[in-house]
Every structure is written in C-alpha cells, then in structure tokens.
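A short worksheet on the structure shown next.
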Protein chains: 2
Amino acid sequence: MAKTIKQALGEGAFRVNGKLWIESNGKRFFGPGPVELLELIDQTGSINQAAKKMKLSYKKAWEIVNNLNTMAAQPLVITSTGGEKGGGSTISEEARQLISYHRSLRERFQAFLDKESAKLG
Amino acid sequence: MAKTIKQALGEGAFRVNGKLWIESNGKRFFGPGPVELLELIDQTGSINQAAKKMKLSYKKAWEIVNNLNTMAAQPLVITSTGGEKGGGSTISEEARQLISYHRSLRERFQAFLDKESAKLG
DNA sequence: AATCGTTATATATTTATGGGTATAACGAAA
DNA sequence: TTTCGTTATACCCATAAATATATAACGATT
C-alpha cells in the first residue's frame with residue numbers, strides 16, 4: 001500500500017506558501033515591501049515618514065526608492081529637497097499602475113496557494 | 001490617458017518570479033534545497049556525499065535532514081552509523097511521496113509564473 | 001540671514017549566516 | 001582489537017546584511 005502525503009506530514013497545519021516579485025535580468029525589482037513603501041509615501045508625502053511607519057531605517061527606504069527609480073523606465077517616486085516643509089516625495093502615475101497590477105497579481109497567487117494547500121489537508 | 005504597466009517598466013526583460021515552499025505553523029519545512037538533498041542522498045546513500053555533490057557543508061546538510069525528520073510525522077531520512085562502510089542513509093517512502101508532490105507542484109507554479117509574465121510583455 | 005524637515009550620502013557598529021575545523025561515537029569486517 | 005567512512009555535535013571565525021549615527025545640501029518662508 002502506497003503511503004500518502006498526509007501520512008508523511010501528519011496532522012500538523014501544513015500549507016503551501018511562497019513569495020512573488022517582478023524581476024529584470026534576474027534582479028529583484030518589485031515585491032511586497034516596495035509596494036507598501038510606495039503606498040505609505042503616497043499617504044504621507046515623505047520617504048522619511050513612510051519609513052518610520054514601516055519601522056524601516058530611512059537609509060533602507062531610500063535604497064528601495066532609488067532601486068525602483070533606477071530600474072523602471074519612468075520614475076516611480078518624485079522627490080524634492082528644500083522648501084517650506086523641507087521637501088517631500090510623491091508617487092507617479094506609473095507607480096499607481098504597478099501597485100494596482102501587483103495587488104491583482106497577489107490575489108491570483110493567493111488563490112493558487114489556497115488551492116494547493118487544500119491538497120495537503 | 002492612463003499610463004500602462006508597459007510604459008512604467010519599459011522594454012526591459014521583466015518577468016514575474018517567485019519561490020514556493022511547504023510550511024508548518026509558519027516555519028519553512030520543504031523547499032527546492034531539501035528536495036535536491038533528498039534525491040542525492042537517495043542516489044549516494046550518504047548525507048556526506050550528497051552534501052559534497054551539492055557543494056554544501058556536511059553541517060548544513062545535516063541540519064536540513066534533522067529539520068525534515070523533526071517536523072515530519074514520519075522520518076524522511078533513515079540514518080545509521082558504524083558498520084562496514086561506516087554507516088549511511090536512505091530515504092523513506094514518505095520522502096519519495098513528498099518529492100513527487102513537490103515536483104508536480106513546481107510545474108504548476110512555473111505555469112502560473114509564465115502566464116503572469118506574459119502579461120508584462 | 002536664520003529656520004525648518006526633508007533628501008542624500010558616508011561611515012561605523014552590531015547582528016545574522018554560513019563555513020571551517022575538530023572530535024567523539026558507531027559497528028561490521030578483517 | 002584495529003580499521004574504516006559515516007553520523008552527530010561543539011566551537012570559532014569570516015563574510016555579509018541590517019542597523020545606527022552623523023552630516024551636508026536643499027530652498028521656500030519668515
């Protein structure tokens with residue numbers, strides 16, 4: 001009698017999980033972290049404040065922003081220094097498109113994961 | 001006029017990629033690395049030789065094996081010490097089931113990634 | 001000119017990860 | 001009892017990654 005996957009795994013809460021991202025030439029470009037950061041920049045108008053809300057160092061947040069702007073054809077974050085409020089940042093229309101696409105992508109991925117996980121239980 | 005994803009990304013070779021694994025209570029349990037290791041243990045009859053073929057330290061390989069055996073309901077690797085050849089290891093029927101399932105899972109995942117990537121080009 | 005909070009950048013420090021090395025235990029066979 | 005290659009485990013070190021700290025530049029407003 002052939003052993004089943006369920007016998008191998010037992011009754012633990014096993015499930016299929018994973019991560020998705022968009023890459024270019026093998027270099028990771030766009031994942032959940034950047035998406036959240038972009039949304040918070042949009043809400044706060046500042047990389048600095050967005051980083052704090054994500055409990056990220058400003059440096060790390062800036063690196064993410066810089067990477068996004070370097071790899072994309074069009075800048076995703078528009079930054080400005082100086083001025084009354086010291087400067088600030090906004091996100092571009094292209095960024096909104098990417099966020100929207102990524103959201104729907106994640107929904108499809110979640111459905112995939114749920115379907116696969118069901119096979120284990 | 002709304003900007004498209006293609007405009008945001010430009011003509012670079014962007015694609016959707018990702019990683020999959022099986023987890024239990026949030027702890028990663030089974031991924032591509034363990035699968036390859038199990039297959040090599042099956043071929044060589046030894047954790048030590050399997051580690052060398054994967055260019056992995058024996059220590060790391062043993063940790064993977066130990067983790068697999070600890071988390072699964074049934075042992076996936078059966079080890080023995082001493083004897084004519086110093087000992088050795090074999091994989092269980094449950095391990096073969098998991099390898100087989102994981103292979104088909106990855107095929108379905110790859111199809112998902114290809115389908116999503118096509119939307120970017 | 002002084003002020004403000006931000007962007008932008010360099011440098012140092014701490015933390016995590018993996019690898020290297022060493023060693024004991026094992027048990028069948030000679 | 002000696003030999004063998006393996007499993008099993010502890011300990012230290014090197015490299016990488018995340019984090020912390022410090023500082024300059026910016027420019028509209030006052």
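Values below: all heavy atoms of this structure, side chains included; hydrogens, waters and symmetry mates excluded. Chain A is the first sequence line, chain B the second, and so forth, proteins listed ahead of strands; every chain is numbered from 1.
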Checking Asp42(B), Val77(B), Ile78(B) against Ser89(B) for side-chain contact (heavy atoms from CB on, under 4.5 Å), the one that qualifies is Val77(B)

message: Using side-chain heavy atoms (C-beta onward) and a distance below 4.5 Å, is Lys19(A) in contact with Pro32(A)?
response: no

Residue-phosphate contact under 4.0 Å: Ser89(A) side-chain N/O, dT7(C) OP1/OP2: yes

From the list Leu98(A), Ile91(A), Val65(A), Ile41(A), side-chain contact (heavy atoms from CB on, under 4.5 Å) with Leu76(A) holds only for Leu98(A)

Looking at dA8(D), I'd like to know if its phosphate oxygens (OP1 or OP2) sit under 4.0 Å from a side-chain N or O belonging to Thr79(B).
yes

Between CG of Asn48(B) and C1' of dC4(D) the distance, given in whole Å, is 13 Å

Check your understanding: When you look at NZ of Lys119(B), are more than 12 heavy atoms from neighbouring residues, nucleotides or ligands closer to it than 6.0 Å?
Key -> yes

In whole angstroms, the gap separating C1' of dC11(D) from OH of Tyr58(B) amounts to 17 Å

The residue among Arg103(B), Lys53(B), Arg96(B) that forms salt bridge (charged side-chain N to carboxylate O under 4.0 Å, His left out) with Glu39(B) is Arg103(B)

Under a 3.5 Å threshold, yes or no: a donor from one side chain and an acceptor from the other, between Asn67(A) and Glu63(A)?
no

Taking the six-membered ring for Trp, are His102(B) and Phe30(B) parallel (under 30°), tilted (30 to 60°) or perpendicular (over 60°)? perpendicular

Per the under-4.0 Å heavy-atom filter, residues of residues 36-47 of chain B near DNA chain D come out as Ser46(B), Ile47(B)

From CD1 of Ile78(B) across to P of dT7(D) the rounded distance in Å is 13 Å

Atom CG of Asn67(B) and atom P of dA8(D) are separated, to the nearest Å, by 14 Å

5' to 3', nucleotides 12-30 of chain D under a 4.0 Å protein heavy-atom cut-off (B base, S sugar-phosphate only, - none) gives -------BB-----BBBS-

- Under 4.0 Å between a side-chain N or O of Trp62(A) and OP1 or OP2 of dT7(C)? no

Side-chain heavy-atom pair Leu37(B), Ile47(B) within 4.5 angstrom cut-off:
no

